[in-house]
Structure formats: structure tokens, C-alpha cells
Amino acid sequence: MYVNPTPSSLLYDITRVSSHQACHSVRFRASGSLALKRLASSLAFVFDIDGVLVRGKRALPAAKRALAILDGNNRFGMYVFPFTPLTNGGGVSEVTRCNELSEQLGIQVRPTAILIQLRSLITVEAAQIKPEQYIQAHTVVRSVVHRYTNTPVLVLGGRGDTLRKVAEGYGFRQVYNTLDVLAWNPSVWPFHDLTMEERISTKAADFSKIPIGAIFVFHDPRNWALDIQVMCDVLRSGGVIGAPLYVSECARRPVDLVFCNPDLVWKSEFDLPRLGQGGFKEAFQAVFKALTGTTYPYTQMGKPTELTYRFSETVLRRHAGDDSSLKIHMIGDNPESDIAGANAARWKSILVHTGVYNPRQGPPKHQPTHEAEDVEQAVLWALERELQP
């Protein structure tokens, strides 16, 4: 199986796009009301969301305390630190997710930064987090939109046409989903009848005349059977549903396939981890291989790929006033995504015990810099380690 997780051209795109979009800067003014001492290095934090700050729709108690510490309520001279959420979740716009997180935590999530290069005393004037700071699994797709601006694409996952609107917000102009396909021809998958709500959300199209150029699995599909069937139809025919099966790779350009989240499982409010988009990918590849004798080549985004961590670092540095000396600490609950990705990016990694990872099941496959009971303890450990004289 050919997997292309981090094409060099995509890494170039990431730097260009994130620099353009993450344009919010920290505002500051000289003042004697809050003295910020110069540090040997600047600390910055990246948080996973599910299993670290929240579980399902419920905020974890330690999360509020941890963010209060980073917002200046600490014993280290009222220092404030830049941080950004990085999650393999998604399914809605970054604006919606920012508002949801703020509401769950009962605070305004506010980016702040230590500006160690300034010799004067300053206070940092913090603003509410910007949507482009909140990095979801499919946020990184923004970096490749220019390649598909006028190309028909199929976007999978989420509810109704929510992700169509998200993709259009990123800059895609011809976005379709599998409900559109089913509305066009119900015999494509006769085991699901569209609800009235689903039918209203569909976009009229004749897919026998539309060459799909790429499939993006933005979020966890709600109907695995329908989506796998349509994916197989598109990929085996070279993009046109119902066309003769695609036999020769030289006949026409293969359809690109991009998965945005590799997580096999994730932690919800249920006692045991639930199957995630990684499970869907395995199911699709198993069916495709059974039909064709081989798996389908794809590009992987999301944690722990270099693609996503490079994008995140660029965004975080931009929000910290382009501070090149940031020492980034990743706090996550999943060794396979959070810790593996942070280690590969040469960040410090802290594994918490409030989500996917359970220390009673043995040591993690990817060794973190440190383990902590929860996110509050993780933040305190990092501060003690970096700021103690």
C-alpha cells in the first residue's frame, strides 16, 4: 500500500497559507502594572481537546484550572503563555468549535504570549482566540485548496451539508457529498432512505457527468456503508460514478484520496474508546482490496502526521509574535497521535491519564517526555521544569 503522509509540496503550502491566515498578533503596551521578567526561553502549549480539556460535552475540572494558570494565575510572577488547541476532531467550522469550547470551559480562550525580546516592562493585552487558531483535523486542508478550487470534490463526514459549507468556506467551489449522490440515484445504495432533513440538505447534480477529482474524508462518516460504496464507485471508475471500471492508470488521472484523521479510536463519555475515522479507513481499504486485490493510495492528515504538526507550529509561532525561540509542549491523551507526533516534531510531550491512554494497560507505545494525571498537573510540571531557577 502506498501512503503519502507528508508530501514536501504540501509542507510548502502549509507555511504559505498559515502565515496568511493566522494573522492575529498579540497587542502589548508599556506598563508598570504587570512586570514580565525575561526568561531563558519562551514556553508555549498545544492541547489536544477530547480526553484532555473535555470529555464528550463535559469540561474536565482540571482543564479550567490549567488554562487559568496559563492566563497568569500562577506563582511565577503572573507570566502568561501562548497556547492553541489541536484536535483530530472536527465536523463543524472552526468558528463553531471555538464557541463550543469557550462555552464548555466557561471562559474566553485567550492567546497570550511572553515577548522575551522586549527590555521594557509590558502587559499583554489578550484577545479571544481567533477561529484560525483552532486547528481541527480538516483545518490543514486549507493549505491545498488552491489545487482543487474549480475541481469537483467529494467531502465525507459530519451531519447533512455542514461540511459542504465548511469546505466552501475554505475555498472549494464544487463540493458534493454522498447524500447528494443518493438523492441523484437511490439505487446507488438502496438500503438507506433519505430523511426529509437529509433531502433538503442535498445539492442537485447529475453525477454521470461530473468527474470527481478528489475525495476528502473531513470527519467521521455517519453512514459507513453508503460512503464506502460511493468511494469505491468513484475510485474504481476514475471519478465518474457509473462509468466503466477504471482499469489503466494511464487512461485518466487517478482520483486523490485524503483522510484527515488517522485515529482508530477516540475517548467519548462512554467508558471504553469508540471507533474513529481510522476505523473507517481500515474498513474502506479492506473492502476496496477485496474488490480490486490492492488497497488505494492516500494522503494522511491529522495527528501525528508531520503535515499537521508543521502547520500547527507555524500558526502558534505567528500568534506568539513570530517568536522563533518557543519551546512547545504538547499535552495529549493518545500515545499513537499526540505523543508520536510531538516526539517527531521535537516538541516536549506530556501524556495525561484522563482519556484514551490507561496506564493499567501497560506502558505507552510512544514514550512521552512526561506522564501526568491530568492537564493541570501537566502544565504545572512544565512550568516547574522550565521556570525554576
Side-chain angles (χ1 to χ4, degrees), residues 36 39 41-89 97-98 100-114 124 126 128-129 133-135 266-269 273 303 312 316 319-320 326-335 337-339 341-343 347-360 364 366-389:
L36 297 184
L39 304 178
S41 61
S42 295
L43 275 143
F45 292 85
V46 176
F47 294 104
D48 181 33
I49 304 299
D50 295 308
V52 176
L53 298 181
V54 302
R55 183 177 295 165
K57 296 183 178 180
R58 179 176 58 88
L60 294 173
K64 296 181 181 181
R65 298 193 296 270
L67 294 183
I69 291 170
L70 296 185
D71 200 36
N73 296 314
N74 57 66
R75 65 181 185 82
F76 297 99
M78 293 293 288
Y79 293 133
V80 290
F81 306 90
F83 61 90
T84 190
L86 172 60
T87 176
N88 272 349
R97 193 63 77 195
C98 279
E100 288 178 352
L101 181 62
S102 297
E103 185 176 347
Q104 284 175 301
L105 295 173
I107 61 170
Q108 286 191 334
V109 183
R110 304 186 305 169
T112 49
I114 301 171
V124 177
Q128 188 174 13
I129 194 170
Q133 258 185 284
Y134 195 111
I135 304 170
W266 64 287
K267 185 64 176 175
S268 70
E269 292 179 285
K303 297 180 294 184
S312 305
L316 183 58
H319 283 276
L326 286 181
K327 298 182 70 174
I328 302 174
H329 289 65
M330 174 74 204
I331 302 179
D333 70 312
N334 192 330
S337 59
D338 302 319
I339 305 306
N343 290 348
W347 299 354
K348 301 297 182 184
S349 57
I350 307 176
L351 180 63
V352 296
H353 300 168
T354 51
V356 170
Y357 174 66
N358 185 340
R360 290 177 293 183
H366 298 275
Q367 196 63 39
T369 308
H370 181 69
E371 288 188 35
E373 275 303 309
D374 55 41
V375 65
E376 180 187 20
Q377 294 303 313
V379 166
L380 288 173
W381 177 84
L383 298 187
E384 292 281 351
R385 183 173 184 271
E386 298 294 337
L387 302 184
Q388 282 289 74

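Computed from a predicted structure; not experimentally measured. In what follows, every heavy atom counts, from backbone to side chain, and hydrogens, waters and symmetry copies are set aside.
- Inter-residue side-chain proximity for W266 and T87 is flagged as unmet; no heavy-atom pair is nearer than 4.5 Å.
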Stepwise side-chain contact (heavy atoms from CB on, under 4.5 Å) test for L351 and D338 | CA-CA 8 Å; L351 180 63; D338 302 319; over 6 Å; no
Where do Q377 and R65 land on the side-chain contact (heavy atoms from CB on, under 4.5 Å) test, with the steps shown first?
-> CA-CA 10 Å; Q377 294 303 313; R65 298 193 296 270; over 6 Å; no
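- Here the side chain of N88 pairs a donor or acceptor atom with the backbone of K303 at under 3.5 angstrom.
- Atoms CZ and CG, on R75 and L383 in that order, are 9.0 Å from each other to the nearest 0.5 Å.
- A pairwise comparison of heavy atoms in V52 and V352 identifies CG2-CG2, 3.9 Å as the closest pair.
- Rounding to the nearest 0.5 Å places CZ of F45 at 13.5 Å from OG1 of T84.
- Minimum interatomic distance between R58 and Q104 (heavy atoms only, all atoms of both residues): N-NE2, 4.1 Å.
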Dump the intermediate steps for side-chain contact (heavy atoms from CB on, under 4.5 Å) on V46 and L316, then the final yes or no.
-> CA-CA 8 Å; V46 176; L316 183 58; 3.8 Å; yes
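- Ring-plane geometry between W381 and H370 is classed as parallel, the angle between the planes falling under 30 degrees on a 0 to 90 degree scale with a further cut at 60.
- Listed here is the closest heavy atom pair of G355 and R55: N-NH2, 4.2 Å.
- The one candidate from I350, L67, L70 that meets the side chain to side chain contact (heavy atoms under 4.5 Å, CB included) condition with V379 is L70.
- In this structure, K57 does not pair ionically with E103, as no charged nitrogen and carboxylate oxygen lie closer than 4.0 Å.
- In terms of heavy-atom proximity, I339 sits nearest to H366 at CG2-O, 3.5 Å.
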Checking side-chain contact (heavy atoms from CB on, under 4.5 Å) for the pair D48/M330: CA distance, chi angles, key distance, verdict?
-> CA-CA 8 Å; D48 181 33; M330 174 74 204; 4.0 Å; yes
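- The heavy-atom pair separating L105 from L53 by the smallest distance is CD2-O, 4.1 Å.
- Inspection of the S349 and N343 side chains reveals an N or O donor paired with an N or O acceptor under 3.5 Å.
- When all heavy atoms are compared, the tightest approach of A382 to L43 is O-CD2, 4.4 Å.
- The line from CZ of R97 to CG of L101 is 9.0 Å long, rounded to the nearest 0.5 Å.
- Rounded to the nearest 0.5 Å, atoms CZ (F83) and CD1 (I331) are 11.0 Å apart.
- By the 4.5 Å heavy-atom criterion applied to side chains, D333 and Y357 are not counted as neighbours.
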